[in-house]
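Heads up, the thing below is written out as structure tokens.
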Amino acid sequence: MENHQFLFNFISEYTGDILAGVLIAIIPLALLLVYALVAIYGELKIASFIQLKLGPMRTGKWGLLQPVAEVFKLLQKEDITPDGADKPLFNLAPFIIFLGCYAALSVLPLSSHFAPSGLNIGLFFIIAISSLAVLGIVMGGWASNNKYSLIGAMRSVSQIISYEIPAAMCILGVASMAHSLDMNVISAQQQGGFWNWYVLGGPAGISKIWLIPFTVVMFIVYFVTSLAETNRTPFDVPEGESELVAGYHTEYSGMKFAFFYLAEYGNMFVVSAIMTVIFFGGWSSPFGDFLNSPIWQIFWFIAKSMFFVGLQIWLRWTLPRTRVDQLMYLCWKILLPLSMVCFLAMALGGMLY
Amino acid sequence: MINYLKNIIKGFSTILVGMKVTFINLFRPNVTVQYPNVHPLVRAGSDKMPDNARNKLNVIIPKCTGCKSCEKACPVNCITIETTKVASIDTEKPLMEDGKKRVFWLSQFDIDFAKCCFCGLCTIACPTSAIVHSTDFEYSCYDRNELLVHFSPFNKEQVAEKKRILAEEVKQKAEKALADKQAAEKAAQEQNITDSKIKSSDDQTSANQNIQNNSN
Amino acid sequence: MNLEAVIFYLFALIIVASGGLVVLSKNIMHAAFALMFTLFGLAGFYAMLLSDFLAVSQIMIYVGGILVLIIFGVMLTSKITGVELKTGPIGKVNYLFGAAISVIIACGLSLLFTNSKWIEKPVDKIPDSSINAIGYSLLTEYILVFEVAAVLLLIALIGAALIAHKDQIIDSDASSNEISTNNDIKIKE
Amino acid sequence: MENNLENTTNNNKINIEYSQFDSERMRLNAGPQHPSTHGVLRLEVELDGEIVTDIIPHLGYLHRCFEKHCENSNYNQIVPFVDRLDYVSAINNEFPYVMAVEKLAGIEVSEKVQILRAMCAEINRIANHLLAISAFGLDSGAFTPLLFLFREREFALGILEKLSGARLLYNYFCPGGVRYEIYSDFKKDVKVFIDSVRLAMKEMEDLLIFNDIFIKRTEKIGLLPKEVAINFACSGPVARGSGINFDIRKSAPYSSYDKFDFDIPVVEPGKEVVGVSGDCWSRNWVRVKEIEESCKILEQGITLLPDEGSVTDGIPKKLKVPAGEVYCKAENTKGELGFYLVSNGSDKPERVRARATSFVNLAILPSISKGYMFADLIMILGSIDIVLGEVDR
């Protein structure tokens with residue numbers, strides 16, 4: 001507990017508590033904004049390279065300023081509120097969605113010495129707070145007074161609520177092995193090389209080998225679930241461009257659309273970060289104590305998370321979209337039994353080691 | 001149960017195969033070109049725009065006889081041609097490109113590229129291949145009126161001047177015809193009447209036609 | 001007034017304001033979404049009382065579960081398109097009736113508040129995490145209640161699955177006449 | 001007929017007894033501006049939840065008075081208009097029209113022209129099918145296949161551009177021959193093109209066609225039974241996907257198609273690769289196989305096409321069409337395209353009537369898409385492969 005508060009105590013010694021709180025809160029926001037620029041650029045470039053194009057090339061060297069340009073474009077666009085829309089809810093929805101993603105960032109341990117909030121039930125908190133996005137989507141979809149938005153919102157809610165169950169199963173599995181819900185503790189347990197990561201059975205010596213298939217399957221289940229929770233292809237049915245025009249954010253433009261956009265990319269980072277923490281050792285270096293100082297830990301954490309963000313982008317430009325009932329089939333009849341079996345195995349592992 | 005697991009594995013493996021394909025393509029060279037930097041006309045090899053590409057029409061005025069067959073062939077009526085006869089008293093006596101005598105001035109030769117459908121029927125219809133497709137495809141503009149291209153070598157004053165010359169000639173001819181007629185009448189009083197009467201009336205109708213053309 | 005008090009009053013303001021909105025709003029959807037803020041404020045209170053597990057559970061169950069259910073219910077049962085989701089006019093008698101009930105409840109709560117013996121001893125040791133204690137007591141002392149609740153949920157789940165399954169049983173022996181008339185190509189003006 | 005449809009399509013269809021649930025139906029207006037109506041088609045869809053219960057297509061947003069326009073143009077001027085019917089496969093549109101005029105005017109066309117025309121039509125067919133397959137993938141949410149196949153389509157358009165000077169609306173065929181002479185590297189280009197298309201299609205099968213998600217999205221969806229397809233006069237890949245072995249190139253060979261050796265890919269019941277005969281996947285699969293068959297025709301065309309002789313010599317200086325009437329049909333990329341011409345002896349036709357393939361094929365949409373989900377409706381529409389320019393004319 002003290003470790004996480006290290007920075008907070010350090011700042012509040014010199015400034016007031018409120019200022020320290022604000023400063024601590026700004027760090028994840030800055031991280032999120034910078035990350036969003038990088039992720040948008042990465043998405044554009046990876047998509048283009050896969051499709052044998054060059055992507056943005058004109059704004060700056062190799063189009064490096066393209067995401068910045070897009071942000072400015074979105075900022076100066078007209079902010080339209082449709083006439084028939086429910087104005088208070090319509091205007092509130094993007095911020096609620098963004099809130100969910102931003103609040104989830106507050107418990108991510110970037111390094112062994114810094115997490116914005118060292119909550120000891122961090123994983124549980126993330127599961128809970130991600131349900132906020134559901135409400136934001138319903139709010140936006142319903143308030144838009146557009147049938148496409150409404151259908152998109154309905155799909156999104158049923159999708160996210162259903163996929164929370166296998167996701168919770170995966171997190172539970174790791175939690176039962178780690179005997180903790182504290183993300184920093186879970187990361188610390190996996191120190192000492194990639195062999196100790198929970199995707200490879202956790203820190204338990206050679207006898208854990210029988211566990212590896214289960215943990216790997218569990219990781220795949222969580223990865224699939226994370227795609228669904230962030231509404232990414234192949235599970236982007238709520239947006240479903242070819243069916244629902246743009247789904248729940250059909251009517252949004254300008255700044256409010258930018259918030260939806262930001263929240264989507266933010267959520268991608270959050271689920272990737274969770275994946276990193278519970279399966280890939282969080283901030284710990286893959287090579288034991290090599291390069292494992294607190295500053296390097298930030299690098300490892302972000303590098304691992306960005307790898308999964310890249311994987312999500314890669315998948316998006318490869319796969320077609322599933323249908324909404326197939327999505328439910330996948331969740332309830334494939335992912336849930338698989339995660340259940342793996343959870344039992346991991347719980348057994350947790351008892352043994 | 002076995003089927004169930006088989007299906008899962010099959011689905012998973014086909015996704016991996018798809019990912020492999022996109023991963024290979026990630027490292028292939030791009031096939032697009034940066035258009036204004038690399039122009040299709042100067043691109044190398046088979047990517048180059050062919051010479052017979054049907055883009056903006058071009059009219060080679062020295063070749064054009066003013067026969068209006070392109071105007072007739074056009075399915076969308078985007079060509080407007082107006083000709084003025086070359087007056088015999090005109091000091092300017094131009095020749096066609098092949099050395100023949102010019103019969104018509106092209107007082108108006110307009111092509112409306114907003115209407116043009118680039119079918120190429122006008123170029124086929126043209127007997128002297130005066131109207132041809134060029135490879136110029138960049139002619140977008142802010143004002144629609146700029147798409148109406150005037151190919152006629154004359155401006156309004158020059159056209160008016162040419163018409164004036166023609167009218168003068170017609171007038172001269174008419175006077176001459178009148179003088180002839182009077183002379184003929186005089187002669188007719190003396191000689192046989194019928195033949196010359198028909199002739200003079202013919203002259204008059206043709207003169208009238210010319211005047212009508214000019215007033216158009 | 002220290003930072004804690006400021007935060008407390010902030011939460012209190014959110015709860016009271018959004019609670020008022022829940023009651024007074026004529027639009028059911030607005031009321032449902034206002035309820036979200038009420039529940040959130042409550043979660044904030046729990047967090048201030050150092051029961052972090054309760055706070056997160058509050059968000060998880062009430063915001064993520066029950067509220068979504070309420071909103072779904074509102075959206076699905078009433079006409080989604082065309083008709084406005086608004087409460088009907090309330091008669092004067094109902095106003096009086098409601099006011100009376102409110103006054104009685106308020107009186108009862110105040111009585112309870114003044115007459116109960118509050119534990120005023122300060123907590124000498126702040127527990128590191130309430131989650132371990134909750135886990136132990138759920139699986140030892142309250143195991144019967146826990147299991148009964150689990151069985152109840154299982155029954156509910158099976159029931160839900162059965163209800164959802166019902167229309168598939170019907171459709172297997174569906175009379176084709178009804179469907180085929182529905183599937184005729186209708187030319188509408 | 002409708003009962004017939006019901007009995008045969010019991011596979012993946014969600015049949016709900018509507019009287020059981022008195023739920024509110026939602027009327028959703030898909031189009032005319034919708035990302036996947038392939039143009040300006042408006043579908044008025046009645047939804048029960050996500051299930052389509054009724055569908056009314058509204059046409060005519062792209063109506064350009066094609067038939068009336070033709071009556072005011074002479075025979076040569078009509079060819080550019082014919083291009084604009086199905087603008088994705090313009091050469092295939094010109095084919096039956098030009099044949100109709102030739103039949104009416106009694107013009108004999110040399111063998112070289114016939115082979116060249118067939119080759120152009122096949123290049124154009126490949127270009128169209130590449131677009132159809134990739135756009136079908138786009139309807140299912142996969143964006144990358146679209147751009148992969150567009151790369152190959154560029155090759156096809158490049159060859160046709162070198163032949164005719166235009167990339168999309170060629171105006172290349174004319175009564176008596178073709179407008180321009182063949183360029184020198186034509187055969188070489190076609191060879192390169194065939195190889196490249198075959199490679200790309202192999203890649204596409206890995207990436208899209210046999211992808212499990214794509215198969216799940218398309219198999220047993222939008223079942224079109226054989227009898228229904230015949231009753232609705234479907235043709236082209238839509239009919240062949242339902243097991244009807246009908247292709248005008250084989251059943252009534254025109255131009256030089258009797259000289260080529262090729263197969264007609266048909267998905268017959270019991271011989272499916274994936275899914276069942278008549279579903280969306282089968283229709284798409286027919287297109288995939290047809291690309292291979294077109295490649296075969298092109299390969300033979302390279303050897304058959306004589307080097308000497310002119311392709312523009314046969315064009316009459318002045319087209320004289322005697323009075324009479326004629327119907328001429330050809331296998332368009334989407335099915336049977338026919339032109340009915342009435343001439344009164346003047347230089348303009350008295351009546352031109354087009355039997356538009358897409359229009360006829362689109363007619364099956366309301367009857368095969370009821371009972372599926374809204375997302376499936378988009379897939380069914382994509383699998384029919386319509387071009388609104390031809391539907392509305």
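Here is the naming used below: chain letters follow the sequence lines, and residue numbers restart at 1 for every chain.
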Measure from the ring center of A:Tyr252 to the ring center of A:Phe259 and say whether it is less than 6.0 Å.
->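 No - the distance between ring centres of A:Tyr252 and A:Phe259 does not fall below the 6.0 Å cut-off.
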A:Ser187 versus A:Gly282, closest heavy-atom pair with distance | OG-CA, 3.7 Å
Smallest separation among heavy atoms of A:Leu330 and A:Tyr163, with atom names |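 In this case the closest contact between A:Leu330 and A:Tyr163 is CD2-OH, 3.6 Å.
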Side chain of A:Gln189, backbone of A:Ala178: donor and acceptor closer than 3.5 Å?
->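 Checked: pair present.
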Under 4.5 Å to a heavy atom of chain A? For C:Tyr62 that would be neither
Against chain C, label A:Ile160 side chain, backbone, both or neither, depending on which of its atoms sit under 4.5 Å from a heavy atom there.
-> neither
Options A:Val134, A:Val138, A:Asp86, ranked by heavy-atom pairs under 4.5 Å with chain C, top entry | A:Asp86
